[in-house]
Amino acid sequence: MPPKILIADDEQSIVVPLEFLMEQKGYQVMAAYNGEEAIEKIISFNPDLILLDIMLPIIDGFEVCQMVRSNPNWKDIKIIFVSAMGREVDIAKGLALGADAYVTKPFANAEIIQKVREVLDTNR
Amino acid sequence: MNPFNKFWWFVAVSAVITCMMFYYVGWIFWQQLAPDQKTLLISIIERNFVYVFTAVFLIMACFVFVMDGILHVYILPAKKLTDETHIINSVNPSHRIKIEGSGEIIRLAQAINEGADRYENLRQHVDEMIHFARTESEKERNILAAVMSELSEGILICNSDGQIILYNKRAKQLFESGSDGKPEQNVQNGLVGIGRSVFGIIEKKLLVHALDEIAAGLKEENKNVSSFITVSREDKLLRAEAVPVLNHLKQFTGFILILEDITEKLEKESRFDSLLLSFTRGVRASIAGIRSAIEIVLEYPDTKKEQFDEFTRIIHQESITLGNMIDETFFNYSCRFNSMWPLVKMSAGDLVETVRKKAEEKPGVIIHYVKPDLPCWIKVDTYSMITAFLFLLEELKNETGQEEFGCNIECNNKFVIINITWEGNPLKIETFRVLDKKIIRIEKEGKPLILKDIMKHHEAEAFSFVDRNAANRSCIRLLLPSTGESASENIRNLTILPESRPVYYDFDLFNQPGQVPEMDNRPLTELIYTVFDTETTGLNPEEDEIISIGAIRIVNNHLLRDENFDQLVNPGRTLPFESIRFHGIEQHMLQNQPSIEQVLLRLFRFAEGTVLVAHNAAFDMRMLQMKELSSKTKFINPVLDTMLLSAIVHPAHANHSLEAIAARLGVSIIGRHTALGDAIATGELFVKLIPLLAKMGIYTLKQARDASQKTQFAKIKY
């Protein structure tokens with residue numbers, strides 16, 4: 001069973017290539033375009049990893065991360081923040097809230113694939 | 001004429017007239033004698049010539065003795081009595097007459113002294129009343145002066161002729177001090193000082209243009225401020241704002257220049273502008289490449305594979321370039337993220353300690369605080385950060401029902417982390433979301449201040465989470481940027497109100513008459529003086545050298561103690577032992593001092609456009625003259641000598657040394673035989689001599705110089 005990845009981002013131009021890229025690498029992929037939808041998809045899709053944007057409508061990425069980390073059923077879900085907020089304080093906050101990695105936009109495809117692999121590997 | 005000489009002239013003339021009268025009476029008597037009587041008289045005189053001659057000589061001697069007695073017992077004491085009464089009435093009311101003379105003169109002196117005692121007591125009483133009445137207004141003016149001293153902008157206040165009548169410390173720094181804090185020695189630049197011309201430091205054309213603009217604005221009553229950019233001595237760009245000062249009739253009496261060093265600000269702006277420009281250019285170029293390539297791919301789907309690959313390579317390459325460009329710009333621009341709030345450097349420990357104390361009172365929360373091993377430095381606006389902290393604690397207390405919280409501080413090279421922890425459930429996400437946007441207080445402008453804003457201004461973040469490293473304690477974490485090691489920065493000097501106003505605080509010069517090139521006819525009270533003194537290796541200007549120069553300025557009849565010149569000089573030779581005993585300056589003190597040539601250049605600048613004053617000026621001027629060639633400075637300023645001026649006002653006194661005049665005029669000398677100490681004492685004497693000269697009808701510089709020339713001391717040459 002291939003690992004499942006949830007892509008939570010409101011920018012279609014980011015979601016579409018990422019979806020394509022992850023499918024090409026053999027992952028099972030689902031997308032969400034706001035924080036609320038992301039929570040719903042986590043419940044229904046039960047992903048192994050979330051590629052999570054911070055500036056999401058309705059519920060922001062930090063809050064989604066907090067919700068995931070506060071739910072013991074979701075303790076094994078990996079989170080990678082993928083954000084255009086590149087200040088060091090944002091990265092520090094993201095990691096403090098329990099994210100496993102933080103990737104700033106723009107990123108290279110190879111970089112994000114590498115990060116996803118690393119994070120998923122730590123589970124095994 | 002000297003009273004001594006005058007008296008003897010009078011005696012001599014009286015004696016001659018008396019002799020002539022005797023001779024005439026004798027001649028009439030001789031004419032009435034018969035020839036045999038004449039022969040008899042001649043023979044009697046010849047026989048008793050010795051007795052007759054002795055009698056005449058004794059009479060003459062008695063006459064001279066009596067006259068001398070009259071001179072010393074009546075005439076000179078009377079003259080001294082007059083002089084000293086003038087001193088009591090004018091410059092030194094504490095002076096008392098102690099003279100030797102006849103009983104009548106001594107009783108008269110006693111009567112004058114008694115009168116002086118009563119006058120002095122009365123005057124003291126009046127002075128006390130005036131002093132008491134002035135104290136309050138003086139305090140306010142002192143506060144104004146002290147505040148001006150601490151302003152970050154330079155302030156120059158000038159009268160309508162461009163004479164500086166008030167300045168603050170910052171203005172002096174902007175135009176004078178170098179980075180090493182020492183005054184610049186370049187003669188081309190003017191100095192900042194009371195009575196000095198502002199045109200010496202700011203280009204005249206610029207100021208004239210600004211003043212014209214103000215004058216035009218005043219006429220139309222629409223604009224009355226003019227701004228311009230000028231350059232300081234260190235090539236710093238200064239933004240100057242000229243504001244007019246009007247009298248009650250709305251007439252222009254002067255102007256205020258507010259000066260701000262904008263060099264750094266402009267540099268930042270220009271750096272940012274060029275950053276933005278290059279970013280825009282770069283983005284346009286990359287976007288152009290991507291757009292063109294992608295449009296070709298879309299419009300021509302049948303493109304050959306090699307060409308298709310080339311276009312996709314271009315798109316890929318340009319997107320990488322764009323990404324790099326954004327990273328680079330973000331990095332360079334990050335310095336501008338610093339908020340405009342005035343942030344103060346302090347240790348996180350101190351911040352928490354303050355919060356701990358305040359929190360006990362309100363909201364009634366106890367904080368158990370673990371002090372970190374190292375001081376973790378942060379930059380905060382203390383008031384808003386403490387307010388935010390207390391707000392969080394109050395909300396936490398309400399939400400959790402707890403009244404005790406833990407607090408710990410961690411720091412690394414990037415962040416200072418402050419954790420507020422408690423046992424029990426963490427704050428709900430929704431609760432913190434509300435809390436993040438809850439109004440903490442309303443600012444003056446009516447703008448609500450929320451936690452998120454305070455954090456944003458500090459480049460900080462506050463968030464709630466469960467700290468798995470701390471036994472799953474619930475936690476609110478504050479992430480603040482760390483600011484490195486040192487503690488103090490931009491600490492201002494304490495403002496200590498001076499007992500009396502700083503001397504550069506003087507508005508009276510607004511009423512000064514226009515600058516008249518002809519100094520000679522100006523009243524002595526209106527001129528600007530440089531009072532100076534030199535200490536030398538000896539008393540021979542041909543051989544000896546200057547080792548110290550002290551000078552001080554007198555403007556508007558006031559001694560400006562803050563504007564002094566005090567410089568030791570390396571004479572380039574060994575000091576004679578006797579001179580060391582005299583002035584206390586030792587050889588080793590002069591080793592690293594500048595040469596006389598360098599010092600005279602600075603003194604020349606200091607004294608430019610003023611009247612030089614010295615005690616026994618002939619000696620000091622000669623010492624300066626000896627260095628004219630080597631220093632290329634020629635002191636052409638008019639000169640006044642306090643020794644000669646004292647001889648004018650007190651001709652009956654034989655002693656006109658600095659100490660003697662000081663004792664007469666009630667001036668105490670501090671630092672006698674230091675150049676600056678003597679210059680200050682000379683300056684004080686000079687200020688007291690001016691009203692005494694006025695009583696003798698000497699008002700102008702020319703009159704003072706002419707009268708000086710007539711005194712016997714003027715004949716001393718060096």
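In what follows, every heavy atom counts, from backbone to side chain, and hydrogens, waters and symmetry copies are set aside. Values in this document were obtained by computation on a predicted structure and should not be read as measured data. Within every chain, numbering begins at 1; the chains are lettered A, B, ... in the order of the sequence lines, protein sequences first and strands thereafter.
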- Query: Around B:Lys452, counting heavy atoms of other residues, nucleotides and ligands shown, do more than 12 lie under 6.0 Å from its NZ?
  - Reply: no
- Nearest non-hydrogen partners of B:Gly323 and A:Pro106, listed with the distance: CA-CG, 3.4 Å
- Message: Tell me whether the count of non-hydrogen atoms from other residues, nucleotides or ligands lying under 6.0 Å of NE2 in B:His368 goes above 12.
- Response: yes
- Query: Given that the side chain runs from C-beta out, which part of A:Asp60 has a heavy atom under 4.5 Å from chain B: side chain, backbone, both or neither?
  - Reply: neither
- Separation between CD (B:Glu459) and CD (A:Glu88), nearest 0.5 Å, reads 10.5 Å
- Task: Look up atom CZ in A:Arg69 and atom CD1 in B:Ile429, then write down how far apart they are to the nearest 0.5 Å.
- Result: 12.0 Å
- B:Arg477 CZ to A:Leu97 CG distance, which is reported to the nearest 0.5 Å: 9.0 Å
- Spacing of B:Met455 atom CE and A:Lys93 atom NZ [to the nearest 0.5 Å]: 10.5 Å
- Most chain A-contacting option - heavy-atom pairs closer than 4.5 Å, from B:Leu479, B:Leu480, B:Asn324, B:Ile320: B:Leu479
- Message: Could you walk me through whether B:Ile326 and A:Lys105 satisfy the side-chain contact (heavy atoms from CB on, under 4.5 Å) test, starting with their C-alpha distance in whole Å, then the side-chain angles of each, then the deciding distance to 0.1 Å, before giving a yes or no?
- Response: CA-CA 10 Å; B:Ile326 288 167; A:Lys105 294 173 185 173; over 6 Å; no
- Message: If I take atom CD from residue A:Glu63 and atom CZ from residue B:Phe432, how far apart are they, to the nearest 0.5 angstrom?
- Response: 9.5 Å
- Message: As an exercise: rank A:Ala108, A:Gly98, A:Ala92 by heavy-atom pairs under 4.5 Å with chain B and give me the winner.
- Response: A:Ala92
- Would you say A:Glu111 has more than 12 foreign heavy atoms packed within less than 6.0 Å of its CD? yes
- Task: Answer yes or no: does atom CZ of B:Phe308 have more than 12 heavy-atom neighbours from other residues, nucleotides or ligands under 6.0 Å?
- Result: no
- If you count the non-hydrogen atoms of other residues, nucleotides and ligands that lie under 6.0 Å from CG in B:Asn425, is the total more than 12? no
- Look at B:Pro426, B:Pro481, B:Ser464 and state which one has the largest set of heavy-atom pairs under 4.5 Å with chain A. B:Ser464
